[in-house]
Amino acid sequence: MRTRTQVGIVGAGPAGLLLSHLLHRAGIESIVLENRSREYVEHRVRAGVLEQAPVDLLKSAGVGARLAREGLVHRGIELRFGGRGHRIDFPSLTGGRCITVYGQQEVVVDLIGARLAAGGQVLFEVADVSIDGIETSAPRIRYTSGSEGHEIVCDVIAGCDGFHGICRQALPDHQRHVFERTYPFAWLGILARAAPSHEELIYAYHERGFALFSMRSPEITRLYLQVAPDEELASWPDERIWEELHTRLETDDGWRLNEGPVLEKGITPMRSYVCEKMQHGRLFLAGDAAHIVPPTGAKGMNLAVADVHVLAQALTELLKSGRRDLADAYSQTCLKRVWRAEHFSWWMTSMLHRFPDDDGFQQRLQRSQLDYTVSSPAAATSLAENYVGLPFE
Ligand SMILES: Cc1cc2nc3c(=O)[nH]c(=O)nc-3n(C[C@H](O)[C@H](O)[C@H](O)COP(=O)(O)OP(=O)(O)OC[C@H]3O[C@@H](n4cnc5c(N)ncnc54)[C@H](O)[C@@H]3O)c2cc1C
């Protein structure tokens with residue numbers, strides 16, 4: 001079976017779905033291919049913090065109604081160390097900007113709903129996806145659905161298929177310069193049915209390792225612990241997780257963490273990764289397909305949104321008027337923001353985690369940086385400005 005579309009999009013995560021939606025609003029046709037089921041992608045719990053600019057974009061693109069109703073607007077975060085909390089106030093440091101806590105899976109639900117309501121094509125549970133002909137003006141995506149082979153002839157392919165997808169591998173070697181760091185720890189994350197015991201996120205620096213208190217709704221708490229990179233989930237029964245969270249998050253004034261049934265748990269490796277360039281011929285990569293950040297700065301989903309904001313405009317110009325300059329500059333435009341987020345995420349990670357081989361030198365640097373960040377308005381402003389994210393150009 002052979003079909004045709006203007007933009008073939010591989011991956012129905014935040015990047016692929018939002019790109020398809022933005023292109024539709026600009027009058028450009030696309031087909032999204034996803035190898036998982038709709039049920040699976042709509043329940044995949046991952047990121048949950050949206051910067052101000054992505055929130056504004058989702059609202060102005062007509063997919064922000066539920067986000068406006070149910071998203072939790074946060075005006076700050078707490079850095080907790082030495083038994084005390086220190087609040088970083090975003091609006092006063094950034095000219096009124098904030099973040100919104102809204103689960104990534106909710107963004108995905110909203111976008112799938114909008115695409116299907118508009119008659120858009122999002123094909124779930126496809127298999128054997130491959131791409132071909134990216135150096136020609138008619139690149140192709142092949143896949144199977146059921147037992148039938150299909151081919152989509154496109155003007156452009158967008159690789160929005162995450163870090164383990166197939167699209168990045170299609171870049172020729174000389175166009176794929178990879179910059180990468182792995183960290184000597186991972187995050188064990190849980191989702192618990194427990195009312196959040198604090199209104200804002202808490203980043204806790206503790207001698208036993210980092211912990212993060214966060215939430216997804218007024219009933220659901222999301223919590224993370226720094227663990228060894230090769231840690232087995234089986235070694236962490238719920239009681240051990242709660243005990244460790246209490247230890248790392250405790251304060252001198254007796255603050256208590258609410259407990260509740262654990263709904264989900266998983267271990268996420270910590271990695272910084274950038275593929276330069278993010279395009280070749282008629283293939284453009286967006287989101288995790290091109291770059292990964294450790295989650296400490298809450299930037300992954302935000303970068304995915306930022307990329308497709310740029311890509312939608314570039315492809316609209318390319319496909320409507322044949323104007324190539326925005327498309328040609330796509331990597332360069334995105335990489336500026338990507339590297340800012342890479343630096344911020346690396347900096348937050350380095351400041352807040354215990355490093356296994358540290359002889360005390362790193363700990364003293366971290367403590368000095370934390371004291372400085374919470375006592376100097378200049379240092380606090382730098383953190384706040386990066387956390388709420390830069391405006392879109
Ligand atoms: C396990 C995990 C946990 C995370 N946790 C956090 C967190 O706690 N906090 C945080 O800030 N960030 C977190 N992130 C980062 C954040 O979720 C990502 O940055 C974000 O999902 C990027 O969106 P995306 O659309 O680029 O990629 P994805 O969301 O990964 O979407 C890619 C899509 O492509 C599909 N796909 C892959 N291969 C193929 C193929 N061959 N054919 C068709 N479809 C394909 C995938 O199923 C997926 O639906 C996490 C990421 C991961 C992987």
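Whatever order the structure lists ligands and atoms in, that order sets their numbers, starting from 1.
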Q.
Can you check which of R46, H291, R271, Q104 brings a heavy atom nearest to atom 53 (C) of ligand 1?
A. R46

Q | Nearest atoms (heavy-atom pairs only) where F210 meets L352 | A | CB-O, 3.4 Å

Q) Should you measure from each heavy atom of G162, which atoms of ligand 1 turn up under 4.0 Å away? A) 27 (O), 30 (O), 32 (C)

Q: Please verify whether a non-hydrogen atom of R44 lies at under 4.0 Å from ligand 1.
A: yes

Q.
Side chains of L249 and L223, heavy atoms from C-beta outward: is any pair under 4.5 Å?
A. yes

Q) Can you list the atoms of ligand 1 that are under 4.0 Å from a heavy atom of V10? A) 42 (N), 43 (C)

**Q.** Any N/O pair R36/ligand 1 closer than 3.5 Å
**A.** no

(Q) If you take the nearest heavy atom of each of G48, C160, G11, which one is closest to atom 32 (C) of ligand 1? (A) C160

Q) Does P14 reach ligand 1, in the sense of a heavy atom lying below 4.0 Å from it? A) yes

**Q.** Step-by-step salt bridge (charged side-chain N to carboxylate O under 4.0 Å, His left out) determination, D173 to R176
**A.** CA-CA 5 Å; D173 285 348; R176 197 157 18 110; 3.1 Å; yes

Q) What protein heavy atom sits nearest atom 26 (O) of ligand 1, and how far off is it? A) D288 N, 2.8 Å

(Q) Looking at non-hydrogen atoms alone, which of N302, V305, N35, D161 comes nearest to atom 43 (C) of ligand 1? (A) N35

Q | Heavy-atom pair of closest approach, residues C98 and V73 | A | CB-CG1, 4.0 Å

Q | Part of L33 with heavy atoms under 4.0 Å of ligand 1, whether side chain, backbone, both or neither | A | backbone

Q: For atom 8 (O) of ligand 1, find the nearest protein heavy atom and state the residue, atom name and distance (0.1 Å precision).
A: Y224 OH, 2.5 Å

Q) Of the listed options (A47, G13, G165), which comes nearest to atom 13 (C) of ligand 1 when hydrogens are ignored and any heavy atom counts? A) A47

Q) Could R248 and F213 be counted as a cation-pi pair, given that NZ or CZ must be under 6.0 Å from the ring centre and within 45° of the axis? A) no

**Q.** Heavy-atom proximity to atom 47 (O) of ligand 1, best of Q105, E34, E125
**A.** E34

Q. Which is it for I220 and R193 under the side chain to side chain contact (heavy atoms under 4.5 Å, CB included) test, yes or no, and what are the steps along the way?
A. CA-CA 5 Å; I220 303 287; R193 188 172 302 288; 3.9 Å; yes

Q. What part of V129, side chain from CB on, backbone N/CA/C/O, both or neither, has a heavy atom under 4.0 Å from ligand 1?
A. side chain

Q) Just by distance, with hydrogens left out, do Y183 and R181 show a side-chain donor and acceptor under 3.5 Å apart? A) no

Q.
Out of all atoms in ligand 1, which are within 4.0 Å of some heavy atom of G287? Include the element for each.
A. 26 (O)

(Q) Need the ligand 1 atom indices (1-based, order shown) with element for anything under 4.0 Å from a heavy-atom of A298. (A) 11 (O)

Q) Going through the checks in order, is the side chain to side chain donor-acceptor pair (under 3.5 Å) test met by Q226 and H206? A) CA-CA 10 Å; Q226 173 187 348; H206 191 273; over 6 Å; no

Q. Taking N or O atoms only and a 3.5 Å limit, does A15 qualify as a polar contact for ligand 1?
A. yes

Q) Are H198 and E78 linked by a side-chain donor-acceptor pair shorter than 3.5 Å? A) yes

Q. Any idea which atoms of ligand 1 are less than 4.0 Å away from a heavy-atom of M301?
A. 19 (O)

Q.
With a cutoff of 4.0 Å, is F163 in contact with ligand 1, counting heavy atoms of the residue only?
A. no

Q. Quick one: do the Q363 and R354 side chains pair a donor with an acceptor below 3.5 Å?
A. yes

Q) Run the side chain to side chain contact (heavy atoms under 4.5 Å, CB included) check on R38 and L116 step by step: do they pass? A) CA-CA 12 Å; R38 178 176 179 184; L116 298 182; 3.4 Å; yes

Q. Counting only N and O atoms by type, is there a donor-acceptor contact under 3.5 Å from the side chain of T221 to the main-chain atoms of A194?
A. yes

Q | Atoms of ligand 1 close to G300 [distance to a heavy atom under 4.0 angstrom, numbered from 1] | A | 19 (O)

